[in-house]
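The sequence lines fix the lettering, A, B, ..., with proteins before strands; numbering per chain opens at 1.
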Amino acid sequence: MKIATYNVNGVNGRLPVLLRWLGEAEPDIVILQELKASQEKFPRVELAKLGYQAIWHGQKSWNGVAILSRVGEIHETRRGLPDDPDPMQSRYIEAAVNGILICGLYLPNGNPRPGPKFDYKLRWLDRLIEHAATLFETGLPVLLAGDFNVIPTERDVCKPERWREDALFAPEVRDAFVQLTSQGWTDALRAVHLDETIYTFWDYFRNAYARNAGLRIDHLLLSPMLAGRLVDAQVDIHVRGWEKSSDHAPVWVMLSDEPLHTRKRAKPRHLAA
DNA sequence: ATGTCATAGAAGCTATGA
């Protein structure tokens, strides 16, 4: 089973890109962020033509998250985090699909730092960490995926020194990400590409994509049951080069149907020797 | 500070968020 996360940066403005990628990549389940569309303006019919059913949490102009499936029913379990810091912002959607609990999230950007937007990001992370702990403890197969707006380590940014004060790389935010993954989640892309430079986002400024001046901020975190089924994780980097593309590229994991007893689970970074 | 996009409304440009 192939599961992807993609910050589309406007689901209607980028619809041709999204449909082209879906046709090419054929993911089974897709988690979308930054729909930038109100609830009634989601392109349900166009996606259904490609065989995807969908649930979505829209919002006019900003945010918005969705889950697509071409492998059976989407059983929504919640939208918004428990004690969400701002329920008006559509940033979280959760559903059981094909035996996996899919958690789609769009974390606040948090800039400028310091300031109220940064405080909001920290509160959101706090709520996410608490909810993730609850989900983890169920022992179920759970996937946390989306645009985290977190650069986990220096390896995940082209020029770390330029990002020291940025809300995507701030110590408080990176600490929170470590706190989250330390619950036992596997960062799938990093587990597959241990020592590689691999990015998921290139901004529109300064020809960033052509220079590969990117960031790794879109993540797929696997509970132990799913980590035991991890076959591959990749970024569809070329999609970022398409005309009218999002500033993010799609990121996906391939999971086997059965546990892979031969593959060792990736150790959290803080436990590594 | 800069740069490039999409969106919405004050509208055919400007403000905003990223």
Exercise. Classify the angle between the aromatic ring planes of A:Phe42 and A:Trp56 as parallel (below 30°), tilted (30 to 60°) or perpendicular (above 60°).
Key: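 The arrangement is parallel - the two ring planes meet at less than 30°.
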Return the value, rounded to whole Å, for the distance between atom [atom1] of [X] and atom [atom2] of [N].
X        : N      : atom1 : atom2 : answer
A:Glu243 : B:dT4  : CD    : P     : 16 Å
A:His248 : B:dA6  : NE2   : C1'   : 13 Å
A:Glu34  : B:dC5  : CD    : C1'   : 11 Å
A:Arg91  : B:dG17 : CZ    : C1'   : 10 Å
A:Gln59  : B:dA6  : CD    : P     : 19 Å
A:Leu168 : B:dG17 : CG    : P     : 16 Å
A:Asp166 : B:dG17 : CG    : P     : 16 Å
A:Phe201 : B:dC5  : CZ    : C1'   : 11 Å

Quote, to the nearest angstrom, the [atom1] distance that separates [N] from [M].
N      : M      : atom1 : value
B:dG3  : B:dT7  : P     : 23 Å
B:dT16 : B:dA10 : P     : 14 Å
B:dC13 : B:dA1  : P     : 29 Å

Of the listed nucleotides [options], the one nearest the side chain of [X]:
X        : options               : answer
A:Phe205 : B:dA8, B:dC5, B:dA18  : B:dA18
A:Ser61  : B:dG17, B:dA8, B:dA18 : B:dA8
A:Asn109 : B:dA18, B:dT4, B:dA6  : B:dA18

Between [X] and [N], is there a contact of a side-chain N or O with OP1 or OP2 at under 4.0 Å?
X        : N      : value
A:Lys117 : B:dA18 : yes
A:Lys244 : B:dA6  : yes
A:Lys60  : B:dG9  : yes

Quiz item: So with a 6.0 Å cut-off around CZ of A:Arg78, is the heavy-atom count from everything else above 12?
Solution: yes
Quiz item: Out of A:Arg20, A:Arg240, A:His238, which one pairs with A:Ser245 under the side-chain contact (heavy atoms from CB on, under 4.5 Å) rule?
Solution: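 Running side-chain contact (heavy atoms from CB on, under 4.5 Å) over A:Arg20, A:Arg240, A:His238 with A:Ser245 returns exactly one hit, A:Arg240.
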Self-check item: Centroid-centroid distance, A:Phe177 to A:His219, less than 6.0 Å
Solution: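 Close enough - the centres of the two rings lie under 6.0 Å apart.
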Quiz item: Less than 6.0 Å separating the ring centroids of A:Trp163 and A:Phe169?
Solution: no
Quiz item: DNA chain B: A:Gly110 or A:Asp203, which has the more 5' nearest nucleotide?
Solution: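 Nearest nucleotide further toward 5': that of A:Asp203.
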Quiz item: Which comes earlier along DNA chain B counting from the 5' end, the contact point of A:Leu35 or that of A:Asp247, where each point is its nearest nucleotide?
Solution: A:Leu35
Quiz item: Any donor-acceptor pair under 3.5 Å joining the side chain of A:Arg206 to the base of B:dT4?
Solution: no
